[in-house]
A.B. asks: 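Following this message is one structure expressed as structure tokens.
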Amino acid sequence: MNKRFGILSTFFACFSMLGCMSALFKSAEPASALIDDRTVVNTFDHGIKTLGDFSLNTYIDSVNKLTDIMAAEAKPANGIIYIDKEGNITDKSGTSIGVTYKKALTSYFKDTIIPCYYVRDLDTVNNFKTYWDSEVKRFDISFVSDDLEILTAARNAVPVARGILDCSAKTLTKAELGPLVAKAHLAMANTIILSKENATYEFIRYFQARFQTVWIDDCNATNLELIEHINLGPYGLVVKDVPSAIEALKVYNDNSINARYNYTRTPFNVAHRGLCQTHYENSLEGCVAAYEAGATHIEIDIQVTKDNKLAIMHDDTIDRTTDGTGKISDYTAEELKQFHIISTISVKKKGPGVPIPMLDEIFNEFKGKQIVIIVEIKTANAEACGLLKEYVEEADILDQVVVISFYQDQLKKMKAVFPEVPCADLNNYSLGCFENMAFKTLNSNNFVIDTNQSNASSNKFIKQMAVRGYASWLWTYDNDSSLYKAYSSGVTGVTNNMASTAAEFATRLVIPSSIELEEFNEETTVKGEMLNYRNEKVMFNDGQDYDCRVFYMEKVDDSTYKVINPLNFKVCPFALKLYSLAFILKSSKSPKSQVTTGSGLSNLMPFQSS
């Protein structure tokens, strides 16, 4: 729709439409022209220097909160507002605060805060669709709900919006995580909000390994809890007050000259076509070797055979990697057994080789193991998606499978026939896609980005994705220097050809959950150990535990403190800093009023009372 109406009939049609809309908004507001849907919110940069980019978000449920946000320089990236069917913003109980969501967008949010509309009934969804269709055609918005049916309806009503599933009021068990991922994708939600009680390292890693991103509801969190939660690697915190949260988290900036190397989110180690540099490419043996080496994900490619079976092969022919020739589609699965893979990703090897695996062999090998299988659809064959669904259901392995492809039509079909499965688009996405509308495709189909590493050379691109709930999955890192760069750049999913090398990197700093000391001061250290991707001790420092100094602490009582410690380690040539979870430190004598924060640095941080 044009912003100016030169034709009289068009004017009267629009005037009539606005008249009908007046009942939707209780407060009188001037009519505005249709907002162009190329509007991209330029969110506030909170300036916290961590490798794991994250957003600071807040609920806006009162007039005072709106005015405070307007007055503050530091603004939330995402503003979550409860809305009702009359077009009002409400508080959590459903009582109107006297401001419409139309007014909030045009006068408060403008182009600096991403609006996240919390919907709680279908009438609200339907009325919002009318408003969106007629006045606000903006795609840089999200829907939030704790109800799967309502969230699904909202995403169907406005497909270009993003979806956020609020699970902050739920108590989750490990057994519920897999079904919840499937339900979230069915509802077209790429972000899940967890309560701080459910915000564990294990739970967050589980969701984010399957193309979800996690926000933590930290509205009632202490400063130490905010810091500890950032160290768990979520993509966002929902806080009570953004400026106060920023002040608490600035401890990262004060901690080191190289503060940007605060390593708060461990990347996923994605073995590209198995352990393909040292083992046969896309072979079962190579995939097993990658798993045993410490890969978190195995990426494999599928092609459709003549008899509609799914074979593991990157190319559409077997010429490059096997001792045979011809197209996969010209052979049955049984006929392919006569050929053997004889090549790594780069060179052909001597010897008899290994069989070409079928997808069911991969599934049977890894079902129930701590590994996610990334299946790339390498063919435009119309049967591929339906066949893949059959394989996944037959093996009952949905909780371990995600799908990627360069073929957007295949990904769309995958979502049509099997919407529960997480999907990622391998095509080129870069900072420019925020201006050229490419994100409408991602939003509309709930695709994740898994793009070429060269497209993510801009940190701004990774930040823009992060505030919108998109993780940075990148490919393909094929040498040591590129791998080191990925790990020092805050990339989430590192698809690489040397998963055994990546697996040796430190992933966690582990300190006992409770320590007792007679007394402590700024020179006191505690023992910690670093674990790699296999949960084995990283054998630096001649195999000794590491001395870790206090980074941040909060006083519980006169003899008890909650403490977070850091530890430096090196991913050549980058010095990174890992952080422990909070642990209890008890002492019979009170410490000095201040202690050194950081690892051997001179910044002083007063104790904080919880």
Side-chain angles (χ1 to χ4, degrees), residues 159-160 185-186 188 190 210-211 270 272-274 276 281-282 297-321 327-331 333 345 356-360 362-363 372-393 398 401-430 432-433 436-456 465 470-476 493 495:
V160 297
H185 281 279
L186 187 61
M188 302 284 280
N190 66 321
R210 291 155 178 82
F211 295 168
V270 182
H272 183 231
R273 307 181 206 170
C276 65
E281 176 188 317
N282 265 325
H297 296 65
I298 295 168
E299 187 263 5
I300 55 175
D301 307 295
I302 59 170
Q303 299 281 354
V304 180
T305 67
K306 185 178 181 179
D307 56 342
N308 280 344
K309 304 295 182 183
L310 295 180
I312 309 303
M313 184 67 59
H314 178 272
D315 305 350
D316 61 357
T317 73
I318 62 174
D319 300 18
R320 179 177 62 85
T321 59
K327 290 187 176 182
I328 291 278
S329 58
D330 289 337
Y331 291 103
I345 197 168
I356 300 170
M358 296 291 121
L359 183 59
D360 56 346
I362 300 290
F363 285 171
V372 176
I373 303 166
I374 301 179
V375 180
E376 180 177 351
I377 302 174
K378 295 296 293 187
T379 173
N381 187 306
E383 304 298 324
C385 294
L387 291 171
L388 179 52
K389 179 183 180 182
E390 291 176 11
Y391 273 77
V392 171
E393 291 180 336
L398 174 60
V401 174
V402 298
V403 175
I404 61 177
S405 187
F406 285 98
Y407 293 98
Q408 282 193 351
D409 287 344
Q410 291 288 57
L411 291 174
K412 291 175 183 178
K413 187 170 183 179
M414 198 74 230
K415 281 296 186 182
V417 302
F418 204 11
E420 298 92 339
V421 71
C423 291
D425 188 344
L426 292 171
N427 286 288
N428 289 336
Y429 288 93
S430 61
C433 68
N436 65 18
M437 307 297 288
F439 266 73
K440 288 180 69 174
T441 299
L442 294 173
N443 295 351
S444 298
N445 297 283
N446 203 40
F447 295 159
V448 177
I449 297 172
D450 189 352
T451 193
N452 189 300
Q453 56 165 310
S454 63
N455 294 322
M465 290 199 298
Y470 289 110
S472 51
W473 294 77
L474 303 176
W475 52 265
T476 297
T495 301

A.B. asks: In the structure I gave you, are the side-chain heavy atoms of Ile328 and Asp316 within less than 4.5 Å of one another anywhere?
C.D. replies: no
A.B. asks: Please name the pair of heavy atoms, one in Met358 and one in Ala333, separated by the smallest distance, quoted to 0.1 Å.
C.D. replies: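 Distance-wise, the nearest heavy atoms are SD-CB, 3.9 Å.
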A.B. asks: For the residue pair Ile404 and Ile374, what are the closest heavy atoms and their distance?
C.D. replies: CD1-CG2, 3.5 Å
A.B. asks: Using side-chain heavy atoms (C-beta onward) and a distance below 4.5 Å, is Thr379 in contact with Ile302?
C.D. replies: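 Side-chain contact under 4.5 Å: no.
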A.B. asks: Could you measure the distance from the CD atom of Glu281 to the NE2 atom of His314? Nearest 0.5 Å is fine.
C.D. replies: 7.0 Å
A.B. asks: Heavy atoms only: give me the nearest Lys389-Met414 pair and the separation to one decimal.
C.D. replies: N-CE, 4.3 Å
A.B. asks: Look only at the side chain of Tyr391 and the backbone of Leu310, and say whether a donor-acceptor pair between them is shorter than 3.5 Å.
C.D. replies: yes
A.B. asks: Say you draw a straight line from NZ of Lys413 to CZ of Phe418; how long is it, rounded to the nearest 0.5 Å?
C.D. replies: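 Lys413 atom NZ to Phe418 atom CZ measures 14.5 Å (nearest 0.5 Å).
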A.B. asks: For the pair Glu376 (side chain) and Ile300 (backbone), establish whether a donor and an acceptor sit closer than 3.5 Å, ignoring hydrogens and angles.
C.D. replies: no
A.B. asks: Check whether any side-chain heavy atom of Pro422 sits under 4.5 Å from a side-chain heavy atom of Val448, and report yes or no.
C.D. replies: no
A.B. asks: Less than 4.5 Å apart, side chain to side chain, heavy atoms only: is that true for Lys306 and Lys327?
C.D. replies: no
A.B. asks: At their closest point, which heavy atom of Asn452 faces which heavy atom of Asn428, and how far apart are they?
C.D. replies: CB-OD1, 4.2 Å
A.B. asks: Please report the interatomic distance NE2(His272) to CD(Glu299), rounded to the nearest 0.5 Å.
C.D. replies: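 CD of Glu299 is found 4.5 Å from NE2 of His272.
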A.B. asks: Is it the case that the side chain of Asn381 and the backbone of Glu383 share a donor-acceptor pair, with hydrogens and angles ignored and the cut-off at 3.5 Å?
C.D. replies: yes
A.B. asks: Does the side chain of Leu442 come within less than 4.5 Å of Tyr470's, by heavy atoms?
C.D. replies: yes
A.B. asks: Considering all heavy atoms of both residues, which atom of Gln410 and which atom of Ser405 are nearest to each other, and what is their separation?
C.D. replies: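 Nearest heavy atoms, Gln410 then Ser405: CB-OG, 4.4 Å.
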A.B. asks: Could you tell me the separation between the CD1 atom of Ile345 and the CZ atom of Arg320, rounded to the nearest 0.5 Å?
C.D. replies: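 Here the interatomic distance stands at 7.0 Å.
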A.B. asks: Hey, mind stepping through Asn282 and Thr321 against side-chain contact (heavy atoms from CB on, under 4.5 Å) and telling me if it holds?
C.D. replies: CA-CA 9 Å; Asn282 265 325; Thr321 59; over 6 Å; no
A.B. asks: Under a 3.5 Å distance rule, please check whether Asn427 uses its side chain to pair with a backbone N or O of Phe406 as donor and acceptor.
C.D. replies: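 Checking the backbone N and O of Phe406 against the side chain of Asn427, a donor-acceptor pair under 3.5 Å is found.
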A.B. asks: Counting distance only, does the side-chain N/O of Lys412 pair as donor-acceptor with the main-chain N or O of Asn445 below 3.5 Å?
C.D. replies: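 No.
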A.B. asks: Determine whether a donor-acceptor pair (N or O, by modelled atom type, separation under 3.5 Å) exists between the side chain of Lys309 and the backbone of Gln303.
C.D. replies: no
A.B. asks: How far does CD of Glu393 sit from CG of Leu398, to the nearest 0.5 angstrom?
C.D. replies: 8.5 Å
A.B. asks: Just how far is it from atom OH of Tyr407 to atom CD1 of Ile377, taken to the nearest 0.5 Å?
C.D. replies: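 Interatomic distance, Tyr407 OH to Ile377 CD1, rounded to 0.5 Å: 10.5 Å.
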A.B. asks: Using the test side-chain hydrogen bond (donor to acceptor under 3.5 Å, both in side chains), find all partners of Tyr429 that sit at least two apart in sequence or belong to another chain.
C.D. replies: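 Residues passing side-chain hydrogen bond (donor to acceptor under 3.5 Å, both in side chains) with Tyr429: Gln408, Asp425.
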A.B. asks: Knowing that exactly one of Ile373, Leu359, Val401, Val375 qualifies, which makes a side-chain contact (heavy atoms from CB on, under 4.5 Å) with Val392?
C.D. replies: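 Only one option passes, and that is Val401.
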A.B. asks: Under a 3.5 Å cutoff, is there a donor and acceptor pairing between the side chains of Thr317 and Asp315?
C.D. replies: no
A.B. asks: Which atom names give the shortest non-hydrogen contact between Cys423 and Leu411, and what distance separates them?
C.D. replies: CB-CD2, 4.0 Å
A.B. asks: Please test His185 against Val421 for side-chain contact (heavy atoms from CB on, under 4.5 Å), starting from the C-alpha separation and ending with a verdict.
C.D. replies: CA-CA 7 Å; His185 281 279; Val421 71; over 6 Å; no
